[in-house]
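For this chain, numbers begin at 1 and follow the sequence in order.
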Amino acid sequence: MRLDKFTKLFPIHFSGAPSEDPQDYLYYFHEVLCNLGIVETIGVDFVVFQMTGSTKRWWQDYVLNRPAGSPSLTWDQFSQLFLEKIIPFTLREVYRRQFERLQQGSMAVTQYETRFVDLACHAVILLLIERGRVRRFIDGLTLSIRLQMAKETEDDISFSRVVEITRRPRWLVVKRGGGI
């Protein structure tokens, strides 16, 4: 029954081609599998079912080399393993360094937030707790916004609340050329 529902969604395939984004693949399937209520039960099996080419061969090899009777992987374990395999270590390091050095500069807050979120998935170890994510986001804001944020934030503020505060109109400065 669940496989029926799953295939009716015409789920995407993943071959590992350079044009495919492995993080987007995982985000897409996490959402689909959550909606079906199977992310932690048989979700990994459904995702693997949609792999093709070298990615499928990698998974088959992984399964063959696991000790007999090994427990199924959780979604988080699978995601980490998948990303480590698909995104080369050197590229992950480039993304991680870009994340660590990310500054708002001339970007609008919304552009900075988008870039922050895009790069943050490659720096998970740096952001294991919400407070670290909030601190890193605020540290990258322009000085004037950072100073105002210091007055408005408390120690246990959530990332979404910080973003909401930074999007307030008073932060927006009109730049040359009329853009915000």
Side-chain angles (χ1 to χ4, degrees), residues 1-105 107-130 132-137 139-140 159-160 163:
M1 173 82 157
R2 289 184 179 145
L3 183 58
D4 237 10
K5 285 183 180 179
F6 179 73
T7 55
K8 285 181 183 175
L9 296 172
F10 300 102
I12 61 175
H13 289 84
F14 188 86
S15 68
S19 61
E20 296 172 313
D21 184 333
Q23 192 69 56
D24 284 348
Y25 180 72
L26 290 177
Y27 287 149
Y28 166 81
F29 272 107
H30 189 263
E31 182 178 356
V32 167
L33 298 169
C34 280
N35 286 330
L36 292 174
I38 59 172
V39 72
E40 287 299 336
T41 54
I42 54 176
V44 172
D45 295 333
F46 280 41
V47 170
V48 169
F49 185 73
Q50 294 304 114
M51 291 182 184
T52 62
S54 62
T55 310
K56 182 69 135 195
R57 287 188 295 280
W58 158 74
W59 180 253
Q60 290 167 338
D61 187 55
Y62 174 80
V63 170
L64 286 173
N65 288 304
R66 290 189 78 199
S70 294
S72 297
L73 295 179
T74 65
W75 178 260
D76 288 340
Q77 290 168 330
F78 170 76
S79 297
Q80 183 176 351
L81 182 68
F82 177 78
L83 291 174
E84 286 173 359
K85 172 60 183 166
I86 303 304
I87 303 175
F89 176 76
T90 52
L91 185 55
R92 281 182 288 155
E93 281 298 299
V94 166
Y95 290 147
R96 186 187 56 77
R97 281 193 299 279
Q98 286 176 356
F99 175 76
E100 289 173 345
R101 296 181 183 135
L102 182 63
Q103 297 290 313
Q104 179 187 359
M107 288 185 275
V109 170
T110 53
Q111 292 170 312
Y112 170 66
E113 177 204 0
T114 299
R115 186 74 177 136
F116 181 91
V117 170
D118 286 347
L119 290 173
C121 63
H122 300 288
V124 174
I125 196 71
L126 302 173
L127 305 172
L128 289 177
I129 57 172
E130 181 81 352
R133 187 174 193 207
V134 167
R135 181 198 47 76
R136 178 63 197 94
F137 183 79
D139 286 351
F159 178 74
S160 59
V163 170

Asker: Residues two or more places apart in sequence or in another chain: which of them pass side chain to side chain donor-acceptor pair (under 3.5 Å) with Glu93?
Answerer: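 Arg96.
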Asker: Output all residues satisfying salt bridge (Lys or Arg N to Asp or Glu O under 4.0 Å) with Asp139, sequence neighbours left out; order by chain, then residue number.
Answerer: Arg135
Asker: Please list every donor-acceptor pair under 3.5 Å in which a side-chain atom of residues 8-15 meets a protein atom from a residue at least two apart or in another chain.
Answerer:
residue : atom : partner : partner atom : Å
His13   : NE2  : Gln50   : NE2          : 3.3
Ser15   : OG   : Ala17   : N            : 3.4
Ser15   : OG   : Glu20   : OE1          : 3.1

Asker: Only counting residues at least two apart or in another chain, list the ones meeting side chain to side chain contact (heavy atoms under 4.5 Å, CB included) with Gln23.
Answerer: Asp21, Tyr27, Leu83, Cys121
Asker: Applying side chain to side chain contact (heavy atoms under 4.5 Å, CB included), can you list everything that pairs with Glu31, at least two apart in sequence or on another chain?
Answerer: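 Testing Glu31 for side chain to side chain contact (heavy atoms under 4.5 Å, CB included), a comparison that skips the adjacent residues, returns Asn35.
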Asker: Applying ring-ring contact (aromatic ring centres under 6.0 Å, His included), can you list everything that pairs with Tyr62, at least two apart in sequence or on another chain?
Answerer: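 Result, ring-ring contact (aromatic ring centres under 6.0 Å, His included) vs Tyr62: Trp59.
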Asker: Got a sec, which residues hit side chain to side chain donor-acceptor pair (under 3.5 Å) with Asp45, two or more places apart in sequence or on another chain?
Answerer: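 For Asp45 there are no side chain to side chain donor-acceptor pair (under 3.5 Å) partners, ignoring immediate neighbours.
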Asker: Residues two or more places apart in sequence or in another chain: which of them pass side chain to side chain donor-acceptor pair (under 3.5 Å) with Gln60?
Answerer: none
Asker: Excluding sequence neighbours, so at least two apart, what forms ring-ring contact (aromatic ring centres under 6.0 Å, His included) with Tyr112?
Answerer: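 With sequence neighbours excluded, Tyr112 shows a ring-ring contact (aromatic ring centres under 6.0 Å, His included) to Phe137, given in chain and number order.
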Asker: Could I get the full list of side chain to side chain contact (heavy atoms under 4.5 Å, CB included) partners for Ser54, not counting sequence neighbours?
Answerer: Arg57
Asker: Looking at residues at least two apart in the chain, or sitting in another chain, which of them share a side chain to side chain contact (heavy atoms under 4.5 Å, CB included) with Pro88?
Answerer: Thr90, Leu91
Asker: For Asp76, check side chain to side chain donor-acceptor pair (under 3.5 Å) against everything at least two apart and list the hits.
Answerer: none
